[in-house]
Amino acid sequence: MTIDELKKGWAKVTILRDLKDRTEEVSQTELSETEFDVLCFIAHQNGTATITAMTTHPYFKGVSLSTIKRAVLLLTKETLIQATQGDDRRERYLSVVGG
């Protein structure tokens with residue numbers, strides 16, 4: 001790793017911390033690291049995110065299915081995300097509300 005990589009990493013960390021703080025102002029709930037990661041993943045996937053996609057993504061290695069489901073339930077309850085039914089009625093696509 002280089003000093004430049006560390007500097008870039010610090011810039012991203014501070015941006016994410018600010019974003020997480022602003023998200024908590026909207027949701028009235030202090031999001032855990034996993035809940036915030038799930039929210040960012042859903043935003044990144046642009047309406048095509050599923051719980052299955054999260055459980056198989058390398059970033060969420062070591063995070064249990066139940067933890068991801070709890071995060072999705074909380075984010076839905078806080079109206080930060082929404083689910084829409086896919087072609088298969090069991091499939092739900094997750095997207096950020098207003099996004």
Side-chain angles (χ1 to χ4, degrees):
M1 99 183 85
T2 67
I3 290 177
D4 285 340
E5 289 173 320
L6 291 169
K7 287 178 181 180
K8 288 177 185 176
W10 177 252
K12 291 177 182 183
V13 166
T14 57
I15 290 168
L16 282 174
R17 169 112 7 114
D18 177 62
L19 179 59
K20 185 174 185 283
D21 290 344
R22 289 187 288 134
T23 301
E24 290 171 358
E25 290 171 7
V26 173
S27 72
Q28 303 301 312
T29 300
E30 187 173 331
L31 300 179
S32 71
E33 184 177 331
T34 300
E35 291 158 351
F36 185 70
D37 290 347
V38 167
L39 179 62
C40 290
F41 179 85
I42 291 168
H44 180 265
Q45 296 302 309
N46 204 22
T48 63
T50 63
I51 290 175
T52 301
M54 279 182 260
T55 60
T56 59
H57 193 280
Y59 184 84
F60 291 101
K61 182 181 180 183
V63 180
S64 70
L65 173 62
S66 61
T67 298
I68 291 173
K69 283 184 176 181
R70 278 194 305 275
V72 167
L73 285 173
L74 176 87
L75 295 170
T76 303
K77 179 183 167 200
E78 293 292 324
T79 62
L80 294 170
I81 64 169
Q82 61 189 3
T84 55
Q85 186 172 319
D87 294 336
D88 178 344
R89 63 184 179 89
R90 298 169 294 175
E91 189 170 49
R92 300 283 185 268
Y93 291 108
L94 305 169
S95 60
V96 174
V97 172

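What you see below is based on every heavy atom in this structure, not just the backbone, and it leaves out hydrogens, waters and symmetry mates.
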I'd like to know whether D21 forms a salt bridge (charged side-chain N to carboxylate O under 4.0 Å, His left out) with R17, so could you lay out the CA-CA distance, the side-chain angles of the two residues, the decisive distance to 0.1 Å, and finally the verdict.
CA-CA 6 Å; D21 290 344; R17 169 112 7 114; 5.9 Å; no

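- I15 and V26 are members of different hydrophobic clusters when ILVMFWY side chains are connected at heavy-atom separations under 4.5 Å.
- Checking T67 against R70 by side-chain atom types alone, a donor-acceptor pair falls below 3.5 Å.
- Using a 4.5 Å heavy-atom threshold, the side chains of L75 and L31 count as touching.
- Within 6.0 Å of atom CD in E91, more than 12 heavy atoms from other residues, nucleotides or ligands are found, so the atom counts as buried in its surroundings.
- Between I42 and M54 there is a side-chain heavy-atom pair separated by less than 4.5 Å.
- Between D4 and K8, none of the side-chain N atoms (NZ, or NE/NH1/NH2) sits under 4.0 Å from a carboxylate O, so this pair counts as no salt bridge.
- Distance check: E33 CD to L16 CG gives 10.0 Å after rounding to the nearest 0.5 Å.
- Inter-residue side-chain proximity for T76 and V72 is flagged as met; some heavy-atom pair is nearer than 4.5 Å.
- Annotation: side chain of Q85 is in contact with side chain of R92 (closest heavy-atom distance under 4.5 Å).
- Residues V96 and Y93 do not share a hydrophobic cluster, clusters being chains of Ile/Leu/Val/Met/Phe/Trp/Tyr side chains in contact below 4.5 Å.
- Between F60 and D37 there is a side-chain heavy-atom pair separated by less than 4.5 Å.
- The side chain to side chain donor-acceptor pair (under 3.5 Å) test with T29 is passed by exactly one of E24, E35, E78: E78.
- Side-chain contact between I51 and L94 is present, with heavy atoms from C-beta onward closer than 4.5 Å.
- For L6, the CG atom sits in a packed shell: over 12 heavy atoms of surrounding residues, nucleotides or ligands are nearer than 6.0 Å.
- Summarising the geometry, atom OG1 belonging to T34 is positioned 12.5 Å from atom CG belonging to L39; distances are rounded to the nearest 0.5 Å.
- In this structure, K77 and L73 have side chains that are not in contact, with every pair of non-hydrogen atoms separated by 4.5 Å or more.
- Tracing side-chain contacts under 4.5 Å through hydrophobic residues (I, L, V, M, F, W, Y), one never reaches I3 starting from W10; they form parts of separate clusters.
- The shortest heavy-atom contact between F36 and K20 is CE1-CA, 3.5 Å.
- For the residue pair S64/S66, the side-chain donor-acceptor check at 3.5 Å is satisfied.
- In plain terms, the two heavy atoms of F41 and A49 that are nearest each other are CE2-CB, 4.1 Å.
- When all heavy atoms of S95 and G47 are compared, the closest pair comes out as CB-CA, 3.9 Å.
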